[in-house]
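Structure first, commentary second.
Below, chain A is the first sequence line, B the second, and so on; all start at residue 1.
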Protein chains: 2
Amino acid sequence: MLNMAEATQINFDQLKVSCANCSLRELCIPQGMTDEELKLVDQIIERKKPVHKNDYLFRAGDTNRSLYAVLSGSVKTLVDNPNGEEQIVGFHLPGELLGMDGFSGDSHTCSAVALETSSVCEFPLESLDKVCHDVPSIQYAMRRLMGKEVSKDHAMLLLLGRMSAEEKLASFLISLSKRMAQRHWKPTEFNLTMPRQDIANYLGLAVETVSRLFAHLQEVKIIEVDRRRINICDMERLRSIIGDGENVDSAAAEQV
Amino acid sequence: MLNMAEATQINFDQLKVSCANCSLRELCIPQGMTDEELKLVDQIIERKKPVHKNDYLFRAGDTNRSLYAVLSGSVKTLVDNPNGEEQIVGFHLPGELLGMDGFSGDSHTCSAVALETSSVCEFPLESLDKVCHDVPSIQYAMRRLMGKEVSKDHAMLLLLGRMSAEEKLASFLISLSKRMAQRHWKPTEFNLTMPRQDIANYLGLAVETVSRLFAHLQEVKIIEVDRRRINICDMERLRSIIGDGENVDSAAAEQV
DNA sequence: CGCCGATTTGACTCAGATCAAGGTTTGTGG
DNA sequence: CCACAAACCTTGATCTGAGTCAAATCGGCG
């Protein structure tokens, strides 16, 4: 029991950690900043309490706009159409950002939902504007991060517009694998934090198709799947599905 | 002949017009700026000579990065996949921006090609950074414009991921119609500046499907098509295809 | 006029959706 | 600790929207 309490205490402290000693520092907003600049960023962050699975971080239409960085856990963002259907537009791992859709107009245009118990850092838009104004290098960093967002979205348009179901799933797994590697986690062995339904929605497929594709990729020994657990056994052949043997670090796979 | 020459002269002068008297002012970067601020923006613009149909404004991989605003004509942007296929990610009308994909990394990740003889204003990235630094309101405007880009891309993900062929084409026409209206051109009668092939590619369809859909929409008297000429006869029913009778100004249609 | 690229049209095919069960895991309250 | 429900996932059978293939037609333009 004492151990448990201690562990809880440690977790709590981690939530209050500054950007300077955050392990995600090089993936997140602070990448490449001086200690000086970091302090300024630190000051505008509101560290949120953990959010639970299925909690909304924000909803389309919310006028209280912020940029969010995932600290732990994972989050999905989605847009709705007039008929009430929804399209998932992103899955966000620790160190990744969401909420840029609120930078135009006066409200968010997509919603964000926690896929599991997670914690996020929140940067209110006003404070963000102010610190960008005061610190050029932060403004520069923001420009870079938004440009990345645009390029990433373009890669998704390519995926949804031109790829077969199998290519879509392969791209998805490769993208996850690369993002695992960036976080110094195993790139070939990881847990999916989202249900099949969400993967299907994100890739523009039916759940059944995703399920069958997982079965097939396992069949031919490219991956092993056990429910949410993925093990990529043959990265080479997984890559060959999206059609590049050599040019492995292609922009497309990088950014899905 | 003299008239022709005169017309050419007038065109040439228009290219040298400042942002302050540009008719696209309220659609483009300068929206809502003071005269003071406009001058600063004006100074960093490099007004390009007209580009011809099929000319590249920039290519994926170009390290010479800029933000571009279409002054006249129209431009498409596209990304390539490892197999050499391409996906068109945007069509850009006068007053619309392109090139934000270059704001991250060190090169553009998509290419831009003129659909017809066009002219564009170029904002080199370095100058843009500088003026953003000097003038907070321009930085603020840039943030807004990039946010809009992200929201627009999300709407495209919804289109590609969830819509039927007919819904896609209807959304496309409605989007064009709205953008015509913004430019004070007829919202129900306009020319497509891109071939069927490009429309098909953009919407994730086959050319034949687009052709058949145009034929069908004409059949049921929702539109009239004559080659590139479009006349929307029944906007109400066109809208009903994407599934909203009342909630007409939905974000989805707005931003495709 | 004659060629070439763009567009249309028709016939056929197929990847992936939909429909229909059945199995498994998780959580929950008694 | 068990029973039961609710998600979630898989598998099989069938259907269909849209792709593919093939061919004709149209519209400019040298």
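- One finds no side-chain N or O of R227(A) lying less than 4.0 angstrom from the OP1 or OP2 phosphate oxygen of dT10(D).
- Regarding contacts with the backbone of dC9(D), a side-chain N or O of R228(A) is found under 4.0 angstrom from either OP1 or OP2.
- Comparing dT11(D), dA17(C), dT8(C) against the side chain of A206(A) picks out dA17(C) as the nearest.
- One side chain, S119(B) or S72(B), offers a donor N or O that lies under 3.5 Å from an acceptor on the other.
- With rounding to whole Å, Q218(A) atom CD is found 9 Å from dT10(D) atom P.
- Regarding M194(A), its CE atom lies at a distance of 20 Å from the P atom of dA7(D), rounded to whole Å.
- Whole-Å rounding puts the L192(B) CG to dT8(C) C1' distance at 16 Å.
- Look at CD on Q197(B): it is 14 Å from C1' on dT8(C), rounded to the nearest Å.
- Residue T209(A) places at least one side-chain N or O under 4.0 Å from the OP1 or OP2 atom of dA17(C).
- In this structure, the CG atom of L169(B) is 14 Å from the C1' atom of dA18(D), given to the nearest Å.
- Dashed line: the shortest gap from a side-chain N or O of R212(B) to OP1 or OP2 of dA18(D) is not under 4.0 Å.
- The two atoms that bring L67(B) and G99(B) nearest to each other are CD1-C, 4.4 Å, heavy atoms only.
- Residues R196(A) and L205(B) each lie close to DNA chain D; by heavy-atom proximity, the contact nearer the 5' end of the strand is made by R196(A).
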**OP:** Walk me through it: do H108(B) and D62(B) pass the test side-chain hydrogen bond (donor to acceptor under 3.5 Å, both in side chains)?
**Re:** CA-CA 6 Å; H108(B) 280 288; D62(B) 279 0; over 6 Å; no
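- The list of salt bridge (charged side-chain N to carboxylate O under 4.0 Å, His left out) pairs with a residue in residues 180-205 of chain B, not counting sequence neighbours, reads K76(B)-D198(B), E96(B)-R183(B), K186(B)-E189(B), E189(B)-R229(B).
- Nucleotide dT16(D) holds its C1' atom 15 Å from the CD atom of E166(B), rounded to whole Å.
- Evaluation of atom-type donor-acceptor distances gives no pair under 3.5 Å for the side chain of E208(A) against the base of dC9(D).
- Distance, D226(B) CG to dC26(D) P: 13 Å, rounded to whole Å.
- What separates CZ of F214(B) from C1' of dT8(C) is a distance of 13 Å, to the nearest Å.
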Original post:
After noting the C-alpha distance and the side-chain angles of H92(B) and S74(B), does the key distance pass the side-chain hydrogen bond (donor to acceptor under 3.5 Å, both in side chains) rule?
Top reply: CA-CA 6 Å; H92(B) 309 269; S74(B) 53; over 6 Å; no
